[in-house]
Amino acid sequence: MPYDPGAIEAKWRAHWAERGSNVADIKNAARPYYALMMFPYPSAEGLHVGNMFAFTGNDIFARFQRMQGLDVFEPLGYDAFGIHSENYALKVGVHPAEMIPRNIANFRRQLERGGLMVDWSRSLSTTDPEYYRWTQWVFLQLYKQGLVHKKAAAVNWCPTDKTVLANEQVIAGECERCGSKVEQRFLEQWFFAISNYAERLLNNLDTLDWSDTTKTAQRNWIGKSEGAEIWFDGIKVFTTRPDTIYGATYVVLAPEHPLVDAHTTDAQRAAVEGYRDRASRRDLVSRKTTKDKTGVATGTTVTNPATGEQIPVWVSDYVLMEYGTGAIMAVPAHDERDLEFAHGFALPVKQVVREDETLVESGEFTGMTVHEAKHAIVKSLAAMQKATPVTNYRLHDWCISRQRYWGPPIPIIYCDDCGVVPVPEKDLPVLLPMIDDFKPDDSGVSPLARHDEWYRVPCPTCGTMARRETDVSDTFLDSAWYFLRYPSVGDDSVPFDASITRKWLPVDSYIGGNEHAVLHLLYSRFVTMVLHDAGLIEFEEPFTRFRAHGLIIREGAKMSKSKGNVVNPDEYIETWGADAFRTYLMFLGPFEEGGDFRDKGISGVRRFLDRLWASVRDCAADAATDAATDAATDAATHAEVERKLHATIRKVGEDVPRLSYNTAIAAMMEYMNVLRKSDRTPRRSEVEPLVQLVAPFAPHLAEELWQQLGHAQGVFDSGWPSFDPALLAEDEIDLVVQVNGKVRGKVRVPRGISEADAVARATGDAAISRFITSEPKKIVLVPGRLLNIVV
RNA sequence: GCCCGGAUGGCGGAAUCGGUAGACGCAGGGGACUCAAAAUCCCCCGAUGGCAACAUCGUACGAGUUCGAGUCUCGUUCUGGGCACCA
């Protein structure tokens, strides 16, 4: 009977579903292990091969941990709110509330075909009221902690799409979707005070077992810089280079700086007003990217506190109000941007630090190194109340307001008498009403504001008529706590059960894309810390271990719908089977780097599975047959095969935990080649462990073969094969012999051979000795490996 | 501009501690089986020279350290990603 993946996979899918094989025993698990993967956005196009790649990588790790005897919980849900769904719904004219369940059903079908060990009894969608009720609850917890505030903020506004755009959606000052020129608008927005947590978010990184690239991205995003605030008369500037203060030749204020008026002379007032007006109309992105510096002099001067000199005050939009103090001391000799500005306006340039990092023309500090001077100058100015050491962060507060429809309504009510009133927890969820006119308009307020019947509510405090907040929250809030919910799905009385959470969290292993290295992972860490500080959970970091997976390309090119080169998992599973598809995805390259999907490549993996199938079919049924085969062939063969088997068990057991799936598969293929080369009926003991090794990769096939081998219990409950280190050590080894560092041959020698004996054996070999033209000057023996004779 | 990666056969990739470079797989070539094809099985497969044995060269480029470097150090080029008027 040939290997027929279609039939086998259907059989085992049904078997797993029937037995509840993948359902974790949340209450009673003795050794809980939470293996999480980032949940997908259920798009209308269906499951992307990139999703399948990521999920398979997580699944293999999870199945492996289960075979180590752990109680593994592998949940999966859907991140289904957001502007992406909403825009697609508008485009095709289907309400998202109708579209999303359809997409989810399709995803579920595709995911099940992939053979994932997912516990479907604890799935969720962020769009379920039973879920987003608690997303709103999370908002209220932050509110209680005083970490939520409302303020006017400049946003990118697309006049065509009538919506706020994220910075990433603005390309060269234009809307990425319609190409309209983006405008700057000031809108009232809700913010989370994540910047209060900047130092903790940064420091805790050192304690986490995460990919270095991800940690680095987070450090860059948090952007800590240490420096000082220094007073130039009434103007406080921020600098990281106090050592260059003797080269400060002017001061620059951001156009929005509140002190601009006070520092402007009457003669310059018209020019300054005009400049501020123009600057306010420039959109955020072009302002941040343009290289040409503009600005205007205020006509006044301030005192450089180090030199006592009077230096002019300028206004320019290359200084940002959002960062530092909105004012800088300009040192054109040591800052590229200041230099550009100085050149544009013919301002003096004064070098105060030499190439060798020592100070010149800096008064009493002359001769100090940059490092010494930073401290000495701040200390000296601080003594005169002119400076304070200060740390700044690039990290901004998290704007969670979206003036859109498809998201959880922010649970706030505005009352004329009581002011801003949070919705009482008992009144949650604030349901998102089913409306048809959810297209955003030019008003800058959410479409929900057009629905009085929803918008008008009695004030929870005084009962007079009040108004609901009409903004919905950012999708990143939905995904910032979902991992807390999974184990408690089914209990709608709490967001997460305390004892279950204590048992299962923090997440033991988290796998996902590096595109979420910064926002999602940072927001999740922040929310976890806040809930910890509120006394609701015991840990403050949600993900003990995180690994970012790579990207899949196809035939050397990025996959995209427009190129028509997108891999559809269904087709490949149909043709080759889910097991071959899974294994091939993992064989493409290192999991953390991704790989190149080549259509023909999958045949090699399928051949390997076919051979595995055949070897189980052919393998000897009992010990008597084994003895007979050994007698009939070469008895030494079994020893060789067995040694390779044990080496393979070790290799796969080492590779899988570090997600080195491609090399684990290669090792199993190598073993298969050795097994076949022996040209005899394989022993059952030579094949059985291989079925276990392959099980995380090709779960359906492994279950089937395990059953064919006569086991009543499933392969995932069979444990993991062990290897015998004694078997791995050969008595005789091939010692590589080099002469002057070049390989000239190898000799078969006893494992622990002495240097003298090794040299004797090497010189006794004619192929080697002909290169030894004189008395050896030096001998290097690397035991068990190599001998180098230097002449 | 700053901060992280990366560069190895025709291709994807391997080499875990400085010790036989190219495992494993794809593609390609040759053979067995077959009326034939597919499938399957066996062999070859970095470059150059050589009938061969074998030799020389070879891990982006240039130096260096070392008995020995794909691996370590310095410099250069190209490339992927992150951040970016953040002072």
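Letters A, B, ... are given to chains in the order of the sequence lines, protein chains preceding strands, and every chain is numbered from 1. Because the structure is predicted, anything quoted here is derived from the model rather than measured. Side chains are part of it too, since the values below use all heavy atoms of this structure and drop only hydrogens, waters and symmetry mates.
At a threshold of 4.0 angstrom between heavy atoms, the contacts of Ile328(A) include nucleobase atoms, whether or not backbone atoms are also involved. In this structure, Ser225(A) reaches the sugar-phosphate backbone alone: every heavy-atom distance under 4.0 Å involves primed, P, OP1 or OP2 atoms, never a base. Within the 4.0 angstrom heavy-atom criterion, no nucleotide atom of any strand lies near Lys224(A). Contact annotation for Asn788(A): base contact, defined as any heavy-atom pair under 4.0 Å involving a base atom. Among the atoms of the strands shown, none is found under 4.0 Å from any heavy atom of Glu593(A). Among the atoms of the strands shown, base atoms are found under 4.0 Å from some heavy atom of Val780(A). Across all strands, Tyr584(A) comes closer than 4.0 Å to no nucleic acid atom at all (heavy-atom distances). At a threshold of 4.0 angstrom between heavy atoms, the contacts of Val736(A) include nucleobase atoms, whether or not backbone atoms are also involved. Contacts of Arg394(A) with the nucleic acid, taken as non-hydrogen atoms under 4.0 Å apart, include base atoms. Residue Arg606(A) is out of contact with every strand shown, counting any heavy-atom pair closer than 4.0 Å. Note on Arg650(A): nothing from the nucleic acid sits closer than 4.0 angstrom, heavy atoms only. Counting any heavy atom pair closer than 4.0 Å across all strands shown, Arg554(A) reaches no nucleic acid atom. Across all strands shown, Glu670(A) has heavy atoms under 4.0 Å from sugar-phosphate atoms exclusively, and none from any base. Using a 4.0 Å heavy-atom cutoff across all strands shown, Lys742(A) reaches sugar-phosphate atoms only and no base atom.
Remark: U40(B) base-pairs with A32(B); criterion is Watson-Crick or G-U wobble with both hydrogen-bond distances under 3.5 Å. Base pairing analysis places G46(B) opposite C57(B); the two distances defining the Watson-Crick or G-U wobble pair are each below 3.5 Å. Partner assigned to G62(B) is C74(B), using Watson-Crick or G-U wobble distances below 3.5 angstrom. With a cut-off of 3.5 Å on both pairing distances, G68(B) has no Watson-Crick or G-U wobble partner at all. The partner of G12(B) is C24(B), judged by Watson-Crick or G-U wobble contacts that both fall below 3.5 Å. In this structure, C2(B) forms a base pair with G82(B), meeting either the Watson-Crick or the G-U wobble geometry with both donor-acceptor distances under 3.5 Å.
What separates CG of Asn220(A) from P of G5(B) is a distance of 12 Å, to the nearest Å.
Regarding contacts with the backbone of G68(B), every side-chain N or O of Arg744(A) stays at 4.0 angstrom or more from both OP1 and OP2. Contact between the side-chain N/O atoms of Arg676(A) and the OP1/OP2 oxygens of C41(B) is found at a separation under 4.0 Å. Taking only side-chain nitrogens and oxygens, Arg607(A) comes nearer than 4.0 Å to OP1 or OP2 of U40(B). For Arg611(A), a side-chain nitrogen or oxygen approaches OP1 or OP2 of C41(B) to under 4.0 Å.
Note: Ile665(A) CD1 to Leu693(A) CG = 12.0 Å, rounded to the nearest 0.5 Å.
The side chain of Tyr323(A) approaches A87(B) more closely than any other nucleotide in the set C54(B), A87(B), A23(B). When distances are taken from the side chain of Pro590(A) to each of A14(B), C4(B), A87(B), the shortest belongs to A14(B). Closest to the Asn662(A) side chain, of the nucleotides G13(B), C26(B), U16(B), is G13(B). Which of A87(B), G25(B), A21(B) sits closest to the side chain of Val743(A) comes down to A21(B). Among C4(B), A87(B), A27(B), the nucleotide with an atom closest to any side-chain atom of Thr216(A) is C4(B). Nearest to the side chain of Val782(A), among G19(B), G25(B), C83(B), sits G19(B). Residue Phe587(A) places its side chain closer to G25(B) than to any other of A87(B), C85(B), G25(B).
The separation of G80(B) from G18(B), taken at their P atoms, amounts to 30 Å, rounded to a whole angstrom. G70(B) sits 14 Å from G9(B) when the C1' atoms are compared, rounded to a whole Å. G75(B) and C3(B) are spaced 12 Å apart, taking the P atom of each and rounding to whole Å. Taking the C1' atom of each, C72(B) and U66(B) are spaced 10 Å apart, rounded to whole Å. Straight-line distance between the P atoms of G58(B) and U48(B): roughly 15 Å, to the nearest whole Å. Taking the C1' atoms as reference points, C11(B) lies 29 Å from G82(B), given to the whole Å.
Within a 6.0 Å sphere centred on CD of Glu755(A), heavy atoms belonging to other residues, nucleotides or ligands number more than 12.
Between Gly324(A) and Gly741(A), the one whose closest nucleotide on RNA chain B sits nearer the 5' end is Gly741(A).
Salt bridge present: Asp206(A) and Arg219(A) bring a charged side-chain N and a carboxylate O closer than 4.0 Å.
Aromatic pair Trp314(A)/Phe341(A): ring centres closer than 6.0 Å.
Taking the six-membered ring where tryptophan is involved, the planes of Tyr523(A) and Trp398(A) are essentially parallel, since the angle between them stays under 30° and well short of 60°. Ring planes of Phe526(A) and Tyr197(A): perpendicular class, angle over 60° (limits at 30 and 60°).
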**Audit row: Phe697(A), Phe608(A), ring-ring contact (aromatic ring centres under 6.0 Å, His included) steps and yes/no** = CA-CA 12 Å; Phe697(A) 297 85; Phe608(A) 165 67; 9.3 Å; no

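A cation-pi contact links Arg525(A) to Trp210(A), judged by a cut-off of 6.0 Å to the six-membered ring centre and 45° from its axis.
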